[in-house]
Asker: 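Structure provided below as structure tokens; questions to follow.
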Amino acid sequence: SKRHQYPDTKCHNEECDSFGIEGSTVLQYATPAGEPSLDKHALGALAKAGVTQAKRLMEYRAASKLVTSYTNLDTKLHPMDGMLHPTYNQARTATGRLSSSNPNFQQLPKKAGKYIRGCIVPKPKHCLIAADYAGQEIRILAAYSKDEKLIRAYNPCYKCPYNNDPDWRNQFGKCEKENHEKGSKCNVVDIHSYITKQIHGDAIDVDVSLIKDHPVYDRLRTIAKSVTFALAYGGSAYGIAETNDIPFEEAQAILDQYFDTFPGVKTYILSCQLYVDKYGKITDMVGRTRRFKYAGYLNKEKEEGFYERYYFQDGLRGVNKQFGSWVRKDRRAATNFPVQSLAASMTKVAAIELDNAIFESGIDAQIVQFIHDELLLTCYRDRASIELALKLVNDSMTAKVEMARFNFPNHPLGWAWPPYLDMEADISIGDSYGSMMKPKEYLKVFDQVDEVLVEKTAEVDLVDAHDVV
């Protein structure tokens with residue numbers, strides 16, 4: 001379908017058949033049959049234009065999806081234990097991620113589905129522990145790109161005033177401040193604020209720590225965040241402009257500035273696209289390979305039908321108009337696949353490590369669900385069990401998972417995990433999936449409840465003693 005989002009001299013949507021062609025600026029939303037379209041792109045454009053009915057229709061569709069997908073969960077409870085047991089598919093997705101069905105927990109929305117999440121509870125006398133990797137895709141993008149500025153943001157002692165070592169890689173060692181060990185947090189920075197500061201430089205006249213809550217610069221942070229995730233997911237300037245409701249030219253300028261600031265990211269994207277153009281496949285850091293139907297110009301059959309006989313300035317070969325959108329789609333997927341595939345492998349390895357650690361410890365805990373990239377566990381509601389479970393989760397996802405194991409020997413693109421880049425686990429705990437909180441907050445509430453129970457027990461004991469007297 002044609003989706004010309006901005007009235008300009010040419011169409012900027014890479015999925016459109018008229019991409020890059022002068023004079024194709026008609027604002028048009030149509031189905032492949034030529035009928036008017038009411039898909040999310042068309043409704044989104046109408047909602048931004050102030051059409052109230054379009055906004056209400058989008059809200060209705062979101063609510064309707066929740067109702068049809070998750071309000072009949074009681075019919076899917078297992079008759080033996082009264083619990084939900086989704087079916088997880090190991091080899092159904094192209095990226096290696098797990099998919100689920102009956103019910104599909106992978107599409108459980110985070111914001112709109114908060115009430116549905118509140119219905120997901122553990123068995124009696126147990127609590128839920130949810131764990132995933134903090135900033136997983138961006139860390140993986142930093143590992144693939146080997147961009148020093150991007151990797152520095154995850155260096156715990158970056159710009160620490162107590163560390164005088166000029167080589168920032170060595171700042172992962174001991175810090176003179178409090179003899180900090182590797183992984184300490186003596187100067188944590190918000191990754192998106194850091195990227196925003198690096199892109200705009202002196203144009204931002206406040207400290208990195210103040211950007212997130214700044215009335216003006218927070219908008220720049222939001223755009224920089226969308227650019228980072230767009231690149232990790234194979235996006236383009238068109239998608240960035242559409243997401244942030246800014247002109248295409250502004251989005252392209254920010255993207256160019258991003259590449260100038262983090263050249264390693266551009267090198268990674270270009271290397272992926274050149275490789276898939278040459279071989280029609282891409283291999284991630286683990287060794288998982290994905291093949292593509294349209295990309296790969298060494299294939300003689302594709303040579304004649306898909307590619308023009310000239311090169312773009314960056315080395316990518318030009319594409320015939322008839323198949324242009326499909327080849328560009330393969331190129332974007334080839335950029336996204338290594339990130340998504342490695343993220344899936346990390347989560348699976350962490351789950352295996354955690355399951356073995358729980359078995360060896362003997363505590364009453366169990367991995368019960370995969371929701372998006374999160375591991376969801378149940379744990380007996382006892383302070384000692386909870387503290388041990390939290391330690392096992394953190395160790396399995398960080399300390400015990402040696403990143404070198406993800407290095408595929410003799411990788412064709414030379415990808416290997418940098419030894420000075422670590423992963424960090426983001427753990428939350430609660431009595432239902434809709435009321436998760438940080439472990440310290442939960443344990444504090446847990447202690448307060450215990451104190452009330454002790455006081456009530458003491459009162460009951462006094463009453464019993466009075467009756468005896």
Asker: Should Y144 and T267 count as side-chain neighbours, where that means a heavy-atom distance under 4.5 Å?
Answerer: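 The answer is no, as the side chains (C-beta and beyond) never meet within the 4.5 Å cut-off.
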
Asker: Provide the closest heavy-atom pair for A343 versus R97 in the form atom of the first, atom of the second, distance.
Answerer: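 So the minimum-distance heavy-atom pair works out to CB-NH2, 3.5 Å.
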
Asker: Any side-chain heavy atom of I223 within less than 4.5 Å of one from Y258?
Answerer: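 Of all side-chain heavy-atom pairs linking Y258 with I223, none is under 4.5 Å.
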
Asker: Quick check: does any side chain N or O of S396 sit under 3.5 Å from a backbone N or O of L392, one acting as donor and the other as acceptor?
Answerer: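 Yes.
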
Asker: In terms of heavy-atom contacts, does NZ of K146 have more than 12 from other residues, nucleotides or ligands at under 6.0 Å?
Answerer: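 Counting neighbours around NZ of K146, more than 12 heavy atoms of other residues, nucleotides or ligands fall under 6.0 Å, so yes.
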
Asker: Sub-3.5 Å donor-acceptor pair from the side chain of S271 to the main-chain atoms of Y268, do we have one?
Answerer: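 Between the backbone of Y268 and the side chain of S271 there is a qualifying donor-acceptor contact (under 3.5 Å).
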
Asker: Is the backbone of K149 close enough, under 3.5 Å, to the side chain of Y194 for a donor and an acceptor to pair up by distance?
Answerer: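 Side chain of Y194 to backbone of K149, a donor-acceptor pair under 3.5 Å: yes, one is there.
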
Asker: Is the number of heavy atoms from other residues, nucleotides or ligands within 6.0 Å of CZ (R291) greater than 12?
Answerer: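 Not more than 12 within 6.0 Å, no.
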
Asker: Report the C-alpha separation of D426 and K438 in whole Å, then their side-chain angles, then the decisive distance to 0.1 Å, and conclude whether the salt bridge (Lys or Arg N to Asp or Glu O under 4.0 Å) test is met.
Answerer: CA-CA 9 Å; D426 186 10; K438 295 297 181 182; 3.0 Å; yes

Asker: Is there a side-chain contact (heavy atoms from CB on, under 4.5 Å) between F337 and D284? Walk through the geometry before answering.
Answerer: CA-CA 7 Å; F337 172 76; D284 72 348; 4.3 Å; yes

Asker: Mind checking whether I358 and L377 have side chains closer than 4.5 Å, heavy atoms only?
Answerer: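 Side-chain contact under 4.5 Å: yes.
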
Asker: Can you tell me how far apart CD1 (I246) and CZ (R219) are? Round to the nearest 0.5 Å.
Answerer: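 It is 6.5 Å, given to the nearest 0.5 Å.
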
Asker: Grab the two heavy atoms, one from A333 and one from R290, that are nearest each other, plus how far apart they are.
Answerer: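 The pair with the smallest heavy-atom distance is CB-NH1, 4.1 Å.
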
Asker: So how far is it from T378 OG1 to K125 NZ, rounded to the nearest 0.5 Å?
Answerer: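 Result: 15.0 Å between the selected atoms.
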
Asker: Could you check whether the rings of H214 and Y217 sit parallel, tilted or perpendicular, using 30° and 60° as the cut-offs?
Answerer: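 Parallel: the ring planes of H214 and Y217 meet at under 30°.
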
Asker: Any chance you could measure M436, atom CE, to I429, atom CD1, to the nearest 0.5 Å?
Answerer: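 The distance works out to 7.0 Å.
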
Asker: Rounded to the nearest 0.5 Å, how far does OG of S428 lie from CD of E374?
Answerer: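 With rounding to 0.5 Å, CD (E374) is 6.0 Å from OG (S428).
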
Asker: Identify the two heavy atoms, one from I195 and one from A224, that lie closest to each other, and give their separation to 0.1 Å.
Answerer: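 Where I195 meets A224 most closely, the heavy atoms are CG2-CB, 4.4 Å.
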
Asker: As a quick check of understanding, evaluate side-chain contact (heavy atoms from CB on, under 4.5 Å) for M346 and I140, giving each step before the final call.
Answerer: CA-CA 10 Å; M346 283 185 182; I140 293 175; 4.0 Å; yes

Asker: With a 4.5 Å limit on heavy-atom distance, are the side chains of M285 and L413 in contact?
Answerer: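 The answer is no, as the side chains (C-beta and beyond) never meet within the 4.5 Å cut-off.
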
Asker: Counting distance only, does the side-chain N/O of N336 pair as donor-acceptor with the main-chain N or O of A232 below 3.5 Å?
Answerer: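 Confirmed, N336 side chain pairs with A232 backbone.
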
Asker: Tell me, do F370 and L375 make a side-chain contact under 4.5 Å, heavy atoms counted?
Answerer: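 F370 vs L375: side chains touch.
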
Asker: Give the C-alpha distance, both sets of side-chain angles, the deciding distance and a yes or no for side-chain contact (heavy atoms from CB on, under 4.5 Å) between E148 and I151.
Answerer: CA-CA 5 Å; E148 289 196 359; I151 294 176; 5.8 Å; no

Asker: Can you list every side-chain hydrogen bond (donor to acceptor under 3.5 Å, both in side chains) pair that touches residues 77-92, not counting sequence neighbours?
Answerer: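 Output for this query lists D81-H85, Y88-Q369, N89-S99.
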
Asker: First locate atom CG of L220, then atom NZ of K197, and finally report the distance between them rounded to the nearest 0.5 Å.
Answerer: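 Rounded to the nearest 0.5 Å, the CG-NZ separation comes to 11.5 Å.
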
Asker: Between R288 and S345, does the side chain to side chain donor-acceptor pair (under 3.5 Å) criterion hold? Intermediate values first, please.
Answerer: CA-CA 10 Å; R288 182 183 287 112; S345 298; 3.2 Å; yes

Asker: How far apart are the closest heavy atoms of R139 and A134, and which atoms are they?
Answerer: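 Smallest interatomic distance, heavy atoms only, reads NE-O, 2.8 Å.
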
Asker: Would you check if C127 and Y442 make a side-chain contact, meaning some heavy-atom pair closer than 4.5 Å?
Answerer: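 Yes, side chains in contact.
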
Asker: Within the distance-only criterion (no hydrogens, no angle test), does the side chain of Y433 pair as donor or acceptor with the backbone N or O of P122 below 3.5 angstrom?
Answerer: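 Absent.
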
Asker: Where is the tightest heavy-atom contact between I427 and P439, given as atom of each residue plus distance?
Answerer: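 So the minimum-distance heavy-atom pair works out to O-CD, 3.4 Å.
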
Asker: Please tell me if the side chains of R61 and L43 come closer than 4.5 Å, counting only heavy atoms from C-beta onward.
Answerer: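 Answer yes - side chains close enough.
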
Asker: In Å and rounded to the nearest 0.5 Å, what is the CD1 to CG distance from I371 to L98?
Answerer: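 Taking CD1 in I371 and CG in L98, the distance rounds to 12.5 Å.
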
Asker: What's the shortest heavy-atom distance between T228 and L141, and which atoms?
Answerer: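 Here T228 and L141 meet closest at O-CD2, 4.3 Å.
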
Asker: Applying side-chain contact (heavy atoms from CB on, under 4.5 Å), run through I282 and F292 and close with a yes or a no.
Answerer: CA-CA 8 Å; I282 195 75; F292 297 90; 3.8 Å; yes

Asker: Tell me whether T222 contacts the main-chain N or O of D218 through its side chain, where contact means a donor paired with an acceptor under 3.5 Å.
Answerer: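 Yes, T222 side chain to D218 backbone: donor-acceptor pair under 3.5 Å.
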
Asker: Does the side chain of E387 reach to within under 4.5 Å of the side chain of R383, using non-hydrogen atoms?
Answerer: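 They are in contact (side-chain heavy atoms under 4.5 Å apart), so the answer is yes.
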
